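Remarks on the structure that follows.
Every heavy atom of this structure was used, including side-chain atoms; hydrogens, water molecules and symmetry mates were not. Every value quoted in this text rests on a predicted model; they were computed, and no experiment measured them.
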There are 2 protein chains.
Amino acid sequence: MMEAKTINIAVVDDHQLFRKGLIKLIHSLSDSYKVVFEASNGEDFLSRMDNFDQLTMIIVDIDMPVMNGYELAEALMKKHPDLPVLALTMHGDNEMSIIRMIKSGVKGYLSKDIEPDELKSAIETVSSGVFHFNQALSGKLLNMVITDNESKKELFNDRELEFLRLCCSELTYKEIADKMFLSPKTIDGYRAALFERFEAKSRVGLVLLAIKNRWVNLNELP
Amino acid sequence: MMEAKTINIAVVDDHQLFRKGLIKLIHSLSDSYKVVFEASNGEDFLSRMDNFDQLTMIIVDIDMPVMNGYELAEALMKKHPDLPVLALTMHGDNEMSIIRMIKSGVKGYLSKDIEPDELKSAIETVSSGVFHFNQALSGKLLNMVITDNESKKELFNDRELEFLRLCCSELTYKEIADKMFLSPKTIDGYRAALFERFEAKSRVGLVLLAIKNRWVNLNELP
DNA sequence: TTGCCCAACAGGATTTTTCCTGTTTACAGA
DNA sequence: TCTGTAAACAGGAAAAATCCTGTTGGGCAA
């Protein structure tokens with residue numbers, strides 16, 4: 001079996017040990033795979049990569065400190081829409097992160113606990129510009145992605161975001177209601193809406209999501 | 001330069017992609033390194049490994065779902081104290097986790113963002129039974145480890161820390177009680193103790209403090 | 001032994017959170 | 001003008017969290 005075309009890959013991951021290992025793994029999958037560039041985060045990649053044409057695709061970790069995978073994918077979608085992005089996730093099972101990846105323009109994603117063979121098939125499909133998602137999306141969330149094109153509604157409106165910030169505090173809902181000049185019942189409505197949208201089961205769960213996804217800034221909290 | 005003695009290594013990590021890559025990386029470091037066994041978590045390792053004498057050392061990821069690195073190291077410290085454990089951490093910067101590793105009996109730890117050369121030197125030192133910690137421990141911290149038996153009025157004890165971790169989730173206190181095999185009333189006692197100690201007014205407040213002060217690691221939360 | 005301390009645990013009250021099913025009002029579009 | 005929709009709001013109940021005051025039982029020092 002001949003594997004004709006060389007696939008030139010860039011790997012972006014902040015964990016050097018993983019990155020180096022991954023590169024060796026990729027090279028062992030096929031002689032036609034060449035990792036020609038590596039970076040430790042999105043910013044590092046954008047600042048040092050100058051020849052985008054040489055790249056067939058890019059493999060990028062979602063969880064990175066400086067400029068994470070979502071942000072890099074978004075930046076690439078604007079400047080180099082033809083460069084396919086394959087995302088790697090550590091805990092990629094939650095639908096929100098999948099949504100966000102799709103919105104950021106990634107062509108596919110893989111959990112880090114997959115077998116090398118799956119990586120190979122993902123590289124094959126994504127490098128040729130085909131989508132590769134190994135998890136089905138619920139209709140509701142899929143709808144959220146698709147109908148987003150008219151830029152009508154982002155994740156939250158202003159009031160919801162304000163509520164979310166106040167949630168990340170020791171305030172009770174009643175106190176939040178006072179601060180926002182709303183009825184506690186309205187606040188309860190916001191709560192229910194966000195719980196459903198993000199599949200949170202409790203206020204603590206919502207707060208954790210808000211922090212993890214950087215919807216709120218930890219340093220700006222009281 | 002000759003590298004005489006073969007070092008037989010077991011690798012335990014739940015992320016298959018990382019594990020396979022790491023193994024290739026290890027083999028590329030030296031011909032005398034042989035990865036002779038791999039497992040996806042602590043439980044998997046203990047149940048399938050039958051010949052401990054063949055192993056020179058074990059490399060284990062700290063963050064694993066079923067039986068994590070701390071727990072595996074503790075179990076090994078009891079049954080096979082001569083087997084050196086090298087721990088790998090994703091975000092090993094917080095002191096609490098270093099404390100916990102030392103208490104669990106690991107011989108050394110590495111952050112996953114190190115260079116392969118550092119891995120090599122860690123393998124060399126740890127496999128020969130010497131400690132390898134790449135980060136200086138603050139005097140206070142070191143004191144905490146050493147004088148742990150006497151003046152143990154530090155921030156938390158082990159159970160409190162475990163409770164705190166579980167607090168940073170969507171689990172109810174009842175579910176936390178089940179996980180820790182304690183009465184919900186005892187859990188309520190932990191809660192009250194931590195609330196008072198850190199002047200938290202609610203669980204959300206406690207969770208925020210835990211994250212801000214890095215008592216728990218955001219990325220290793222479920 | 002005896003007294004002391006502490007972790008584990010209980011009962012019970014109160015507040016807060018969570019959930020469910022509604023109603024009213026404003027306002028944009030057919 | 002009629003209609004649909006979204007935001008604001010309510011009542012009420014169940015579950016969970018919070019708070020307070022205890023008890024018990026085992027280890028340990030005097």
Side-chain angles (χ1 to χ4, degrees), chain A residues 140-141 143-144 146-148 150-211 216 222, chain B residues 103 147-211 216 221-222:
Chain A
K140 187 167 190 176
L141 282 168
N143 191 53
M144 211 168 140
I146 294 170
T147 63
D148 190 56
E150 294 294 322
S151 75
K152 60 176 188 182
K153 57 165 189 274
E154 283 305 318
L155 286 178
F156 335 84
N157 59 40
D158 291 346
R159 294 300 265 174
E160 282 174 342
L161 193 55
E162 191 180 350
F163 164 74
L164 188 62
R165 281 185 219 288
L166 292 171
C167 255
C168 300
S169 74
E170 295 193 317
L171 297 172
T172 66
Y173 288 133
K174 188 170 174 335
E175 291 167 335
I176 292 175
D178 287 343
K179 272 192 185 289
M180 291 180 70
F181 303 106
L182 290 172
S183 157
K185 286 300 182 179
T186 304
I187 293 300
D188 190 50
Y190 284 154
R191 180 201 56 75
L194 294 189
F195 273 29
E196 193 193 349
R197 196 175 308 158
F198 304 116
E199 296 172 6
K201 289 199 262 300
S202 71
R203 179 166 165 182
V204 171
L206 185 63
V207 167
L208 291 171
L209 280 172
I211 295 172
V216 302
Chain B
K103 283 189 181 176
T147 67
D148 187 53
N149 40 8
E150 297 164 19
S151 63
K152 60 184 318 185
K153 55 174 174 64
E154 285 301 324
L155 286 180
F156 339 83
N157 60 38
D158 291 345
R159 295 299 265 174
E160 283 173 342
L161 191 56
E162 191 180 350
F163 165 73
L164 188 63
R165 280 183 220 288
L166 293 171
C167 256
C168 299
S169 74
E170 295 193 316
L171 296 173
T172 66
Y173 288 133
K174 189 170 173 334
E175 291 166 334
I176 292 175
D178 287 343
K179 274 194 186 285
M180 292 180 69
F181 303 106
L182 290 172
S183 155
K185 287 299 183 178
T186 304
I187 292 299
D188 190 49
Y190 285 154
R191 180 201 57 74
L194 294 188
F195 272 31
E196 193 193 347
R197 196 174 307 159
F198 304 114
E199 296 173 16
K201 289 199 255 306
S202 71
R203 177 165 167 184
V204 170
L206 185 63
V207 166
L208 291 170
L209 280 172
I211 293 173
V216 303
L221 296 178

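Separating the CD atom of B:E175 from the P atom of C:dT18 is a distance of 13 Å, rounded to the nearest angstrom. The separation between B:I187 atom CD1 and C:dA7 atom C1' is 12 Å, rounded to whole Å. Separating the CD atom of A:E196 from the P atom of C:dT17 is a distance of 20 Å, rounded to the nearest angstrom. Rounded to a whole Å, the NZ atom of A:K174 is 18 Å from the C1' atom of D:dA17. Remark: P of C:dA8 and CD1 of B:I176 are 15 Å apart, rounded to the nearest angstrom. Counting to the nearest Å, the P atom of C:dA8 and the CE atom of B:M180 are 8 Å from each other. The separation between A:L182 atom CG and D:dA6 atom P is 19 Å, rounded to whole Å. For A:L171 and C:dT15, the CG to C1' distance is 16 Å, given to the nearest whole Å.
Contact between B:C167 and B:L206 at its shortest, heavy atoms only, is SG-CD2, 4.4 Å. Summarising the geometry of B:V216 relative to B:C168, their closest heavy-atom pair is CG2-SG, 3.9 Å, with the distance given to 0.1 Å. Heavy-atom minimum distance, B:M180 versus B:Y190: CE-CE1, 4.2 Å. The two residues B:L209 and B:F198 make their nearest non-hydrogen contact at CD1-O, 3.5 Å. Nearest heavy atoms, A:D188 versus A:R191: OD1-NE, 2.9 Å. Between B:E170 and A:A200, the shortest heavy-atom distance links the atoms OE2-CA, 3.2 Å.
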Under-3.5 Å N/O pairs linking protein and nucleotides 24-29 of chain C:
none

Sugar-phosphate means primed atoms, P, OP1 and OP2; the rest is base. With that split, encode nucleotides 18-27 of chain D 5' to 3' as B, S or - using protein heavy atoms under 4.0 Å.
-> BBB-------
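A salt bridge links B:R159 with B:E162; the closest basic N to acidic carboxylate O contact falls under 4.0 Å. Ion pairing between a basic and an acidic side chain is recognised when a charged N comes within 4.0 Å of a carboxylate O; A:E160 and A:R197 show such pairing.
The side chain of A:Y190 places an N or O atom within less than 4.0 Å of a non-bridging phosphate oxygen (OP1 or OP2) of D:dA8. Within the structure, a side-chain polar atom (N or O) of B:T186 is placed less than 4.0 Å from OP1 or OP2 of C:dC9.
Nearest to the side chain of A:T172, among C:dT16, C:dC9, D:dA7, sits C:dT16.
A heavy-atom distance below 4.5 Å is not found between the side chains of B:F163 and B:L182.
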